Amino acid sequence: GAVVSQHPSRVICKSGTSVKIECRSLDFQATTMFWYRQFPKKSLMLMATSNEGSKATYEQGVEKDKFLINHASLTLSTLTVTSAHPEDSSFYICSATPGRVSNQPQHFGDGTRLSIL
Amino acid sequence: AQSVAQPEDQVNVAEGNPLTVKCTYSVSGNPYLFWYVQYPNRGLQFLLKYITGDNLVKGSYGFEAEFNKSQTSFHLKKPSALVSDSALYFCAVRDGNQAGTALIFGKGTTLSVSS
């Protein structure tokens with residue numbers, strides 16, 4: 001089945017540090033990848049849609065200069081949390097769908113637990 | 001706009017009993033519906049989907065869901081719950097007429113199965 005790999009699984013760092021999270025589709029090409037943020041015991045909040053070779057589309061209220069997204073290839077998207085602060089601490093999850101077919105499920109990475117001290 | 005409602009924050013059932021996790025949706029186009037399960041500190045695992053055809057769809061781990069267009073519902077069911085089914089369950093929808101768009105998720109329902 002389709003596999004999405006996300007790294008790192010956990011990051012603990014000081015306030016002001018920039019953190020990069022990688023999301024890879026291992027056995028399929030993903031024109032589009034999605035980045036979600038999940039608060040404790042809460043649903044997933046869509047942050048942005050990452051399109052290969054073009055700029056990401058950010059959801060309302062998400063700071064694009066804070067959360068930099070790069071989708072340089074059909075199998076890799078990265079999310080960089082710039083100058084992270086404690087309020088950025090959260091669980092970040094990426095997902096991808098093979099191709100652009102709407103009847104396919106999104107496949108999710110295992111998430112990254114980000115803790116900013 | 002699309003939206004998903006999961007009216008129950010938590011569902012408690014005894015092992016061996018049937019379980020139902022409720023979901024209703026709103027979408028302007030064709031509803032493509034999905035259920036996912038999440039275990040602690042993990043990503044989401046796909047359980048099943050409804051795209052078209054038979055209203056009763058079967059998925060992984062013995063789960064099934066019934067699409068009801070008139071009630072705009074897509075409840076998740078299992079005839080006999082296991083303790084290992086305890087997890088967080090998400091219902092999600094996508095407008096089938098909009099390829100390449102993200103799934104929209106409900107707030108999630110915590111299922112607790114007691115032995």
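On a predicted model such as this, the values are computed, not experimentally measured, just so you know. Keep in mind that the numbers below use all heavy atoms, side chains included, and drop hydrogens, waters and symmetry copies.
Contact of B:K49 with chain A is made through the side chain alone, with heavy-atom distances under 4.5 Å. For a residue to count as touching a neighbouring chain, one of its non-hydrogen atoms must lie under 4.5 Å from one of that chain's; by this rule B:N41 touches chain A with backbone and side chain alike.
Here A:Q38 contributes atom CD and B:Q38 contributes atom CD; the two are 4.0 Å apart, rounded to the nearest 0.5 Å. The CG atom of B:L103 sits 10.0 Å away from the CG atom of A:L44 when rounded to the nearest 0.5 Å. Separation of atoms CG (B:L44) and OH (A:Y36) is listed at 9.0 Å; rounding is to 0.5 Å. To the nearest 0.5 Å, atom CG of residue A:D110 and atom CD of residue B:Q45 are 8.0 Å apart.
Between B:Y36 and A:Q106 there is a side-chain heavy-atom pair separated by less than 4.5 Å.
In this structure, B:K22 places its NZ atom where only 12 or fewer heavy-atom neighbours from other residues, nucleotides or ligands lie under 6.0 Å away. Atom CZ of B:R42 has 12 or fewer heavy atoms from other residues, nucleotides or ligands within 6.0 Å. The environment of NZ in A:K55 is sparse: at most 12 heavy-atom neighbours from other residues, nucleotides or ligands sit within 6.0 Å. Summarising the local packing, OH of B:Y61 is surrounded by 12 or fewer heavy atoms from other residues, nucleotides or ligands at distances under 6.0 Å.
In the hydrophobic clustering of ILVMFWY residues, with side-chain heavy atoms under 4.5 Å counting as a link, B:V27 and B:W35 come out together. Residues A:L79 and A:L46 fall into different hydrophobic clusters, defined by Ile, Leu, Val, Met, Phe, Trp and Tyr side chains chained together at heavy-atom separations under 4.5 Å.
For chain A, the option among B:F105, B:Y50, B:Y39 with the highest count of heavy-atom pairs below 4.5 Å is B:F105.
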